[in-house]
Amino acid sequence: QAQLVESGGGLVQPGGSLRLSCAPSGTIFSPYDMGWYRQAPGKQRELVADVTSNERTERVVYAESVKGRFTISRDSAKNTVYLQMNSLKPEDTAVYYCRARGEEYDYWGQGTQVTVSS
C-alpha cells in the first residue's frame, strides 16, 4: 500500500514562511483530490487547503483563516502537493497532514509539525 510522506515542517518565527511538500512513497493512480489538513493540540483536525482536479477543471478551497497567506499547488505528473505558507502566525502551530483521494483509495500522511513561535 502506498504511503504519503510530508516534509518541510519546523520551527519558524511569526511572520516567517515555510513550504510543505507531500509525495507518495509508492505508486498511486492519479488522485482526483489532494489537500492539507492540520490539527492543533486539543482541537479537531481541520481542512487548510484542498485542490480537486479533473481533465477540464481545477477547484481550490482554502480555510478562511489562511486565505491570502497560504498557497496550495499540485504537480500532477508526480502526484505531489505543496503548501506555501507565508506570514505565519502562532495560531498556525499544528501538525499538518496531507491527504490524497482517488476512486478507490483515501490516503493520509503521518504528519509534519509546524511551530510558529518567537
Side-chain angles (χ1 to χ4, degrees):
Q1 181 175 343
Q3 293 182 337
L4 299 177
V5 180
E6 302 104 334
S7 61
L11 173 64
V12 63
Q13 292 186 343
S17 298
L18 284 174
R19 185 174 187 250
L20 305 183
S21 300
C22 172
S25 63
T27 301
I28 62 173
F29 293 106
S30 297
Y32 63 78
D33 182 272
M34 298 192 77
W36 290 95
Y37 293 71
R38 68 185 181 187
Q39 188 167 17
K43 295 187 177 182
Q44 290 188 331
R45 190 173 297 187
E46 62 177 1
L47 173 69
V48 176
D50 182 87
V51 54
T52 302
S53 307
N54 59 35
E55 294 179 357
R56 301 179 182 178
T57 63
E58 182 174 276
R59 182 178 68 97
V60 178
V61 174
Y62 291 100
E64 285 295 325
S65 59
V66 307
K67 281 184 179 179
R69 300 188 297 122
F70 291 10
T71 303
I72 189 171
S73 59
R74 174 177 172 174
D75 184 338
S76 296
K78 299 179 180 179
N79 290 327
T80 299
V81 65
Y82 307 94
L83 186 68
Q84 178 66 44
M85 305 186 292
N86 298 328
S87 302
L88 283 160
K89 304 176 181 180
E91 51 263 43
D92 294 318
T93 295
V95 178
Y96 284 69
Y97 300 88
C98 72
R99 183 184 188 185
R101 287 187 287 179
E103 293 297 330
E104 298 183 352
Y105 63 84
D106 184 353
Y107 296 143
W108 288 85
Q110 294 298 307
T112 185
Q113 177 69 47
V114 171
T115 302
V116 185
S117 175
S118 56

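The first residue of the sequence shown is numbered 1, and numbering continues consecutively from there.
With a 6.0 Å radius and a threshold of 12 heavy atoms from other residues, nucleotides or ligands, Gln39 has its CD atom above the threshold. For Gln44, the CD atom is loosely surrounded, since the number of other residues' heavy atoms within 6.0 Å does not exceed 12. In Glu103, the CD atom is not crowded: 12 or fewer heavy atoms of neighbouring residues, nucleotides or ligands sit closer than 6.0 Å.
Residues that satisfy the ring pair (Phe, Tyr, Trp, His ring centres under 6.0 Å) test with Tyr62, not counting sequence neighbours, are absent from this structure. Taking the ring pair (Phe, Tyr, Trp, His ring centres under 6.0 Å) definition, one finds that Tyr107 meets it with Tyr105, sequence neighbours left out.
Rounding to the nearest 0.5 angstrom, the gap separating the CZ atom in Arg74 from the SG atom in Cys22 is 11.0 Å. Taken to the nearest 0.5 Å, the CG atom of Asp50 stands 11.5 Å off from the SG atom of Cys98. From Arg59, atom CZ reaches atom CG of Asp33 across 8.0 Å, with rounding to the nearest 0.5 Å. To the nearest 0.5 angstrom, Gln113 atom CD is 9.5 Å from Tyr96 atom OH.
Connection of Leu20 to Val60 is established within a shared hydrophobic cluster, with ILVMFWY side chains joined at heavy-atom distances below 4.5 Å, either directly or through further cluster members. Cluster membership check: Leu4 does not share its hydrophobic cluster with Trp36, using side-chain heavy-atom separations under 4.5 Å among Ile, Leu, Val, Met, Phe, Trp and Tyr. Linking Ile, Leu, Val, Met, Phe, Trp and Tyr whenever their side-chain heavy atoms come within less than 4.5 Å leaves Met34 and Val61 in two separate clusters. A continuous path of Ile, Leu, Val, Met, Phe, Trp and Tyr side chains, each step under 4.5 Å between heavy atoms, connects Leu83 with Val81, placing both in one hydrophobic cluster. Tracing side-chain contacts under 4.5 Å through hydrophobic residues (I, L, V, M, F, W, Y), one reaches Val48 starting from Val51; they form part of the same cluster.
Under the 3.5 Å distance criterion, with hydrogens and angles disregarded, a donor-acceptor pair is assigned to the side chains of Arg99 and Tyr37.
Closest approach of Ser118 and Pro14 over heavy atoms only: N-CD, 3.7 Å. Contact detail for Tyr97 and Glu6: the closest heavy-atom pair is CA-OE2, 3.3 Å. In terms of heavy atoms, Leu88 sits closest to Leu18 at CD1-N, 3.8 Å.
Counting heavy atoms from C-beta on, the side chains of Asn79 and Pro31 come closer than 4.5 Å.
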Show me the side-chain donor-acceptor pairs of residues 63-73 shorter than 3.5 Å, one per line, residues at least two apart or across chains.
unit_1, atom_1, unit_2, atom_2, d
Glu64, OE2, Lys67, NZ, 2.7
Ser65, OG, Arg38, NH2, 3.3
Arg69, NH1, Ser87, O, 3.0
Arg69, NH1, Asp92, OD2, 2.8
Arg69, NH2, Ser65, O, 2.8
Arg69, NH2, Asp92, OD1, 3.0
Arg69, NH2, Asp92, OD2, 3.4

Go through the steps for Ser117 and Leu11 under the test side chain to side chain contact (heavy atoms under 4.5 Å, CB included), then give the verdict.
CA-CA 7 Å; Ser117 175; Leu11 173 64; 4.2 Å; yes
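A side-chain donor-acceptor contact under 3.5 Å links Thr93 to the backbone of Val116.
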